[in-house]
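Reading through the structure tokens given below for one structure.
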Amino acid sequence: MNYKLTIAEKIAKATELNIEDIQKLIEIPPKPEMGDFAFPCFQLAKTFRKAPNLIAQELAEKIDKQGLDRVETVGGYLNFFVDKASFSKNVIEKVLNEKDDYGKSEIGKGKNITIDFSSPNIAKPFHVGHLCSTSIGNSLYKILSSQGFNCIGINHLGDWGTQFGKLIAAYQRWVDEEALEKEPIKELLRIYVKFHDEAEKDPSLEDIARQHFKNLEDGNEFEVKLWQRIKDVSLMEFNRVYDMLNIKFDSFAGESFYNDKMDAVVEELKDKNLLVESKGAQVVNLDEYNMPPCIILKADGATIYATRDLAAAIYRKKTYDFYKNIYVVGMDQSLHFKQVFTTLKLMGYDWADDCVHIGFGLVKFADKKLSTRKGDVIFLEDLLNEGIARAKQAIEEKNPTLENKDEVAKKVGLGAVLFTYLKNNREREIIFNFDDILSFDGETGPYVQYSYARARSIMRRAEEIGFNVAPDYSKLNSQDEFELVKLLASFNDAILLAIEKYEPSVVTRYVIDVAKAFNKFYNLCPILSCEDEGLKAARLKLVEATTYVIKNGLALLGIDVVEKM
RNA sequence: GCGUCCGUAGCUCAGUUGGAUAGAGUAGCUGGCUACGAACCAGUUGGUCGGGGGUUCGAGUCCCUCCGGGCGCACCA
């Protein structure tokens with residue numbers, strides 16, 4: 001039962017206004033004592049030529065009060081108080097009926113959405129910055145899927161480009177095969193950094209690197225074999241992190257995949273008279289859109305990432321017939337995507353409007369920059385392991401008798417990291433600091449997981465006792481209980497808002513609110529020791545409903561719950 | 001210089017698309033475990049929402065301008 005809609009219907013009947021317009025105006029008052037829902041009458045003042053407070057008063061009299069406790073007016077606001085008993089009963093029973101499906105819907109049924117996320121560069125460290133795209137993309141995947149959209153997760157691996165020429169040149173000169181077997185990326189990073197150091201002294205190395213890449217493009221056996229080897233060992237490392245975070249992709253079509261699909265794009269651009277020469281390069285002019293040109297072929301005739309992104313977008317449209325084509329890539333590339341999307345539009349593809357770049361802020365250090373070339377990076381795996389280690393330590397301090405400590409530490413440690421990455425507005429940059437990212441107190445992943453564990457602990461006790469009395473929801477009327485019920489009711493609203501804004505943090509904030517409301521309720525309302533059996537049963541149902549909402553909410557963020565911690 | 005994102009409590013951040021007395025966490029101070037789990041809860045201190053103008057019933061939110069910062073602006077991705 002949707003109370004917002006019910007109230008909108010009542011107002012519509014009394015005013016002859018459009019239900020949808022009314023629904024948009026209905027809001028939740030800032031303080032619960034003001035009401036459960038509110039309708040501001042200020043905008044009606046002009047059409048009715050009356051003061052807002054008078055309109056509110058008249059409406060208050062005309063409104064059908066059925067299902068409502070009461071209606072009040074404060075200034076120009078019309079405040080609705082729902083009937084707590086029936087509201088609580090409806091909400092809690094709905095959650096307990098739907099269980100793991102609570103929050104889901106079918107609004108996206110039949111619509112495909114491609115999500116390009118994570119997309120690390122082969123042979124380069126998978127570092128703490130990559131978790132932005134990885135966590136946001138994975139969460140959007142889960143959030144959209146929960147509403148019935150058919151998502152295709154694409155890991156657009158950076159497995160092509162001039163840096164492979166450098167790597168091959170460096171490999172021939174300085175590689176330590178033993179180290180490459182043991183810690184491939186670290187060894188590849190070492191020789192990559194060394195290449196840049198040596199190239200400063202001897203610029204001819206750059207030419208050698210360019211030649212290696214040319215050979216690779218031409219399919220020369222030596223380069224191709226080495227490239228494949230580098231790709232294989234890199235993927236092994238990446239998969240270790242993906243396994244840890246339980247992230248799956250539907251496609252690993254990276255840059256090299258589009259190698260044979262770019263000529264067609266260049267031909268098409270030529271046919272459509274979009275390609276012009278500029279400073280030796282072949283570009284699409286975007287002057288009239290106030291943008292620098294989109295480079296298609298470099299002066300040396302080689303393709304560039306814009307060419308690949310054009311080929312990839314066209315391929316994705318053909319293959320998946322997407323409803324939306326999402327790129328979860330840093331904000332520093334927003335101009336690039338604007339150029340690519342505009343070029344697609346110029347090619348006559350109206351679906352260019354369905355392509356969206358979901359940008360995010362970068363991870364930085366307080367004092368220096370992350371730089372692959374200089375080797376100043378923190379590996380993502382190291383951050384995750386540090387989180388797990390700290391969670392383990394917390395368990396040893398707080399709950400030393402816990403049985404499966406390692407498994408719990410893993411879920412709590414990873415939860416803390418993911419939660420931090422998904423907590424704030426994605427466009428905000430993250431200043432890297434172990435203590436901030438791995439905090440366990442206050443509005444954090446472990447706080448929410450802890451709330452869940454507490455709730456589950458009560459449920460286990462109730463089952464042991466075999467308590468089974470019919471709940472009396474009419475007794476569930478303290479403010480703390482009702483606030484929690486109202487929050488549980490708004491789960492789907494939070495998900496829809498998150499989709500509208502492509503913003504997982506909406507869900508993160510929502511689960512924090514649920515955990516807070518639960519802990520407050522938990523501290524103030526006795527549950528198992530409640531003497532009134534009907535109320536005790538109702539409170540138990542509320543606890544159980546809360547466990548599903550927290551579990552489902554965290555799942556949308558890619559975070560697991562734990563029974564005990 | 002142009003484009004873009006941002007500036008809210010000591011610190012880290014929310015702010016439901018223009019609504020009611022601007023909210024959390026953290027840090028500081030105070031109180032609560034022989035208790036359904038203290039990784040918790042309650043109370044308290046802390047604000048010129050960067051400055052100034054404008055739009056209107058109403059602005060942290062929209063427009064203009066200035067100040068301060070991040071990122072981008074042709075052959076890297």
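What you see below is based on every heavy atom in this structure, not just the backbone, and it leaves out hydrogens, waters and symmetry mates.
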Distances under 3.5 Å between nitrogen or oxygen atoms of protein and nucleotides 31-39 of chain B:
residue, atom, partner, partner atom, Å
B/rC36, O2, A/Ile527, N, 3.4
B/rC36, O2, A/Leu528, N, 2.9
B/rC36, N3, A/Ile527, N, 3.1
B/rC36, N4, A/Tyr522, O, 2.7
B/rC36, N4, A/Cys525, O, 3.0
B/rG37, OP1, A/Ser457, OG, 3.1
B/rG37, O5', A/Tyr522, OH, 3.4
B/rG37, O2', A/Tyr450, OH, 2.7
B/rG37, O2', A/Arg454, NE, 2.7
B/rG37, O6, A/Met565, N, 3.2
B/rG37, N1, A/Met565, O, 2.8
B/rG37, N2, A/Met565, O, 3.0
B/rA38, OP2, A/Arg454, NH2, 2.6
B/rA39, OP1, A/Tyr450, OH, 3.2
B/rA39, O4', A/Lys398, NZ, 3.4

Work out how far the P atom of B/rC71 is from that of B/rG15, and round it to whole angstrom. 24 Å
Would you call A/Glu407-A/Lys410 a salt bridge at under 4.0 Å N-O? no
A/Tyr447 versus A/Asn519, side-chain donor and acceptor atoms under 3.5 Å: yes
Please report the distance separating the C1' of B/rU16 from the corresponding atom of B/rG10, rounded so that it comes out in whole Å. 29 Å
Mutual orientation of the aromatic rings belonging to A/Phe432 and A/Phe434 [parallel < 30°, tilted 30-60°, perpendicular > 60°]: perpendicular
In whole angstrom, give me the gap between the P atoms of B/rG47 and B/rG1. 35 Å
Looking only at side-chain N and O atoms, does A/Lys364 come under 4.0 Å of OP1 or OP2 in B/rC71? yes
Closest listed nucleotide, where the reference is the side chain of A/Asn519 and the choices are B/rC40, B/rA74, B/rC13: B/rC40
Which nucleotide in the set B/rA24, B/rA42, B/rU4 lies at the smallest distance from any side-chain heavy atom of A/Lys516? B/rA24
Work out how far the P atom of B/rG3 is from that of B/rU8, and round it to whole angstrom. 24 Å
Between B/rG46 and B/rG28, how many Å separate the two C1' atoms, rounded to a whole number? 10 Å
Return the pairing partner of B/rA14 with a 3.5 Å limit on both distances, Watson-Crick or G-U wobble; otherwise return none. none
For A/Asn425, all residues meeting side-chain contact (heavy atoms from CB on, under 4.5 Å), sequence neighbours excluded: A/Glu427, A/Glu503
Partner lookup for B/rU4, please. Criteria are Watson-Crick or G-U wobble with both distances under 3.5 angstrom; report none if nothing qualifies. B/rG70
Say we look at B/rU45 and B/rA22: how far apart would their P atoms be, to the nearest angstrom? 15 Å
Counting only side-chain heavy atoms from C-beta out, which of B/rG72, B/rC6, B/rC13 sits nearest to A/Glu427? B/rC6
For A/Asp300, look at atom CG and say whether over 12 heavy atoms of other residues, nucleotides or ligands are found less than 6.0 Å away. yes
Does CD belonging to A/Gln393 count more than 12 external heavy atoms closer than 6.0 Å? no
Which pairs, protein N/O on one side and nucleotides 54-56 of chain B N/O on the other, fall under 3.5 Å?
none

Salt-bridge present (A/Asp435, A/Arg390; N to O < 4.0 Å): yes
Exercise: identify the closest heavy-atom pair between A/Phe195 and A/Ala169: CE1-CB, 4.0 Å
Strictly by Watson-Crick or wobble contacts shorter than 3.5 Å, is anything paired with B/rC62, and which nucleotide is it? B/rG54
Are A/Phe341 and A/Tyr327 an aromatic pair, judged by ring center distance below 6.0 Å? yes
Nearest-neighbour nucleotide for the A/Lys520 side chain, B/rA20, B/rA74, B/rC41 considered: B/rC41
Its glycosidic angle compared against 90° from 0, B/rU55 adopts the form anti
